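The first residue of the sequence shown is numbered 1, and numbering continues consecutively from there. The structure presented is a predicted model; accordingly, all values stated were derived computationally and were not measured.
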Amino acid sequence: ERPGPRPPPPPLPSRTPSRARARVKRWTAATARCKGQPKYDRSPLRDLVQPLHPKQSIMNIMNNTNMSQILPPGLDMAGFVLVTPEEVHVMGKAVINGVLSVLPEATPASVKTFVAESSPEGVMLAIASWLALEVVFWVFAAWVHLMCHRWKLVGTKILKGHEPPDSLVQGTVIDLLKDHLVVHPLALWYLMPKVLEQGWLQPLSAPLPGVTDVAWQLVAFLFINDTLFYWVHRTFHHKLLYKHFHKKHHEYYVSVSIAAEYCGIVEAILADATPLVAGPLLIGAKFTPVHSWTWCLWLFLRIWQTADAHCGYVLPWYHFGFPLLSDVLRHNWHHSKNNGNYGGATVFWDWICRTDTWLYTQKEVKAGLRDATGKKIRKRE
């Protein structure tokens with residue numbers, strides 16, 4: 001036979017210490033107060049962690065979040081329209097007519113037809129994208145050259161006493177001007193109308209997205225960009241591919257801002273352009289259309305980050321960086337040592353794949369195993 005339930009504990013003897021008796025009395029009183037009351041309502045927490053319906057997604061939940069109850073008044077500009085559709089159409093038509101008026105008479109009829117039939121909204125998006133790419137790149141490069149190199153007002157030179165050859169810098173400027181003034185405008189003029197037609201991007205005249213939309217989309221763009229860039233970049237460092245596709249970029253042993261886009265056509269397409277646009281187009285095609293202003297903001301931030309990573313100077317905002325983001329010291333190490341640190345904007349994949357050689361070297365420097373330049377210190381026997 002199975003034993004019955006255990007009998008209740010015997011009552012406390014009268015000689016129990018006063019502290020123990022007081023503790024038992026407090027517990028008995030608390031138990032009596034809790035009897036008959038409903039259990040703690042965990043429904044608010046349950047709403048946050050409940051499993052998603054098959055037709056739901058994290059993106060839909062974030063899109064439906066009411067930020068007006070969280071953000072200060074005026075910070076969330078969701079629904080605000082910066083430019084009306086009529087204004088975009090008029091400006092786009094003006095640009096198209098202006099281009100047609102300056103085309104020479106010998107221009108093929110197919111080219112004139114293509115320009116005349118271009119979408120005004122797509123043309124304005126191409127112009128906005130071009131400005132987001134070019135203005136920050138050239139303005140930042142000029143600012144670093146004047147403030148850091150010429151006048152030495154801000155920033156700390158990483159490799160002191162080392163400068164790239166003037167002939168290399170001049171050749172880079174000429175090549176970049178050709179790409180930025182000819183190739184980029186033509187590519188954007190051709191691609192942006194098609195992207196709008198596919199519905200992957202919302203037009204410039206669409207109401208602005210909420211802060212949560214912009215935040216999670218930028219994070220998604222960053223992860224997709226860094227994943228593609230890391231693996232393409234690391235592949236180009238393979239001994240069979242390096243001299244054919246990536247050696248040109250590493251002609252800059254001492255990096256400068258304009259070296260960020262100094263590369264061959266294959267690397268420019270696979271390692272630069274594709275990771276840059278893959279995030280917005282993938283999110284827009286598979287989840288929800290990305291607003292054109294979010295697209296332009298992403299282009300602006302990413303080009304600024306890569307120009308900053310190549311500038312060769314530790315600038316004041318370096319000390320305010322997030323731990324996961326990459327920095328100028330890591331990429332300068334990559335150019336000078338040509339070993340490790342293949343990530344772009346973050347060190348995520350360098351940490352996962354253990355290729356953050358700059359970090360490992362700094363640890364060995366602190367341990368006395370290497371000198372300040374990264375060379376191993378031979379111990380005397």
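Between His250 and His246, the angle of the ring planes goes over 60°, which puts this pair in the perpendicular group of the 30/60° scheme.
In this structure the side chain of Phe80 never reaches within 4.5 angstrom of the side chain of Pro207, judged on heavy atoms. Taking 4.5 Å as the limit, every side-chain heavy atom of Leu325 sits out of range of all side-chain heavy atoms of Val347. When side chains are defined from C-beta on, Trp358 counts as touching Leu329, because their heavy atoms get closer than 4.5 Å. Side-chain contact between Leu133 and Leu276 is present, with heavy atoms from C-beta onward closer than 4.5 Å. Put simply, the side chain of Trp349 reaches to within 4.5 Å of the side chain of Trp231, judged on heavy atoms. Between Thr84 and Glu87, some side-chain heavy-atom pair lies under the 4.5 Å cut-off. Residues Pro120 and Val88 fail the side-chain proximity criterion, which asks for heavy atoms closer than 4.5 Å. Considering only heavy atoms from C-beta on, Trp143 comes within 4.5 Å of Val154 through its side chain.
In terms of hydrophobic clustering, with Ile, Leu, Val, Met, Phe, Trp and Tyr side chains grouped at heavy-atom distances under 4.5 Å, Val115 and Met192 are assigned to a common cluster. Linking Ile, Leu, Val, Met, Phe, Trp and Tyr whenever their side-chain heavy atoms come within less than 4.5 Å puts Ile127 and Phe114 in one cluster.
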*His184 and Glu134: CA distance, side-chain angles, deciding distance, side chain to side chain donor-acceptor pair (under 3.5 Å) verdict*: CA-CA 9 Å; His184 290 184; Glu134 310 304 332; 2.9 Å; yes
*What do the steps show when you test Ser205 against His89 for side chain to side chain contact (heavy atoms under 4.5 Å, CB included), and what is the final call?*
CA-CA 10 Å; Ser205 57; His89 186 82; over 6 Å; no
*asked:* Does Trp189 form a ring pair (Phe, Tyr, Trp, His ring centres under 6.0 Å) with Trp130? I'd like the steps, not just the answer.
replied: CA-CA 9 Å; Trp189 188 298; Trp130 183 80; over 10 Å; no
*asked:* Test ring pair (Phe, Tyr, Trp, His ring centres under 6.0 Å) on Tyr252 and Tyr262; report intermediate values, then the result.
replied: CA-CA 9 Å; Tyr252 278 92; Tyr262 180 69; 5.5 Å; yes
_Derivation and outcome, side chain to side chain contact (heavy atoms under 4.5 Å, CB included), residues Leu208 and Val81_ = CA-CA 6 Å; Leu208 290 178; Val81 178; over 6 Å; no
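Lys286 contributes no side-chain N or O that, together with a main-chain N or O of Ile283, makes up a donor-acceptor pair within less than 3.5 Å. At least one donor-acceptor pair under 3.5 Å links the side chain of Thr107 to the backbone N or O of Pro104. Distance alone, capped at 3.5 Å, places no donor-acceptor pair between the Thr294 side chain and the Val290 backbone. A donor-acceptor pair under 3.5 Å is absent between the side-chain atoms of Ser255 and the main chain of Cys311, judged by distance alone.
Figure legend: Arg330 and Tyr342 shown without cation-pi pairing, the cationic atom not lying both under 6.0 angstrom from the six-membered ring centre and within 45 degrees of its axis.
Atom NZ of Lys363 is surrounded by 12 or fewer heavy atoms from other residues, nucleotides or ligands within 6.0 Å. Within a 6.0 Å radius of OH in Tyr190, other residues, nucleotides and ligands contribute 12 heavy atoms or fewer. Within a 6.0 Å sphere centred on NZ of Lys157, other residues, nucleotides and ligands contribute more than 12 heavy atoms. When the shell of 6.0 Å around NZ of Lys112 is examined, it contains more than 12 heavy atoms from other residues, nucleotides or ligands.
In this structure, a donor-acceptor pair under 3.5 Å is absent between the side chains of Glu261 and His310. For Thr156 and Tyr318, the side-chain atoms include no donor-acceptor pair closer than 3.5 Å. Judged by distance alone, the side chains of Asp350 and Thr355 do bring a donor and an acceptor atom under 3.5 Å apart. Of the N and O atoms on the side chains of Tyr242 and Asn338, at least one donor lies less than 3.5 Å from an acceptor on the other residue. In the model, His237 has a side-chain atom that pairs as donor or acceptor with a side-chain atom of His334 under 3.5 Å. Looking at Thr361 and Trp333, their side chains never bring a donor and an acceptor atom within 3.5 Å of each other.
Aromatic pair His180/Phe137: ring centres closer than 6.0 Å.
To the nearest 0.5 Å, the span separating CD on Glu197 from OG on Ser119 amounts to 7.0 Å. Residue Thr357 holds its OG1 atom at 10.0 Å from CD of Gln362, rounded to the nearest 0.5 Å. The line from OG1 of Thr288 to CD of Gln202 is 6.5 Å long, rounded to the nearest 0.5 Å. Atom CD1 of Ile258 sits about 6.5 Å away from atom CH2 of Trp138, to the nearest 0.5 Å.
For the side-chain contact (heavy atoms from CB on, under 4.5 Å) with Asn332, the qualifying choice from Asn341, Asp327, Val314, Leu159 is Leu159, the only one to do so. Each of Phe221, Trp304, Trp293 was checked for a ring pair (Phe, Tyr, Trp, His ring centres under 6.0 Å) with Trp298, and the lone residue meeting it is Phe221.
Between Leu204 and Val83, the closest heavy-atom pair is O-CG1, 3.7 Å. Here the closest heavy-atom approach between residue Leu228 and residue Thr274 is recorded as CD1-O, 4.4 Å.
At a threshold of 4.0 Å, the pair Lys93-Glu121 does not count as salt-bridged, since none of the basic side-chain nitrogens sits closer than that to a carboxylate oxygen.
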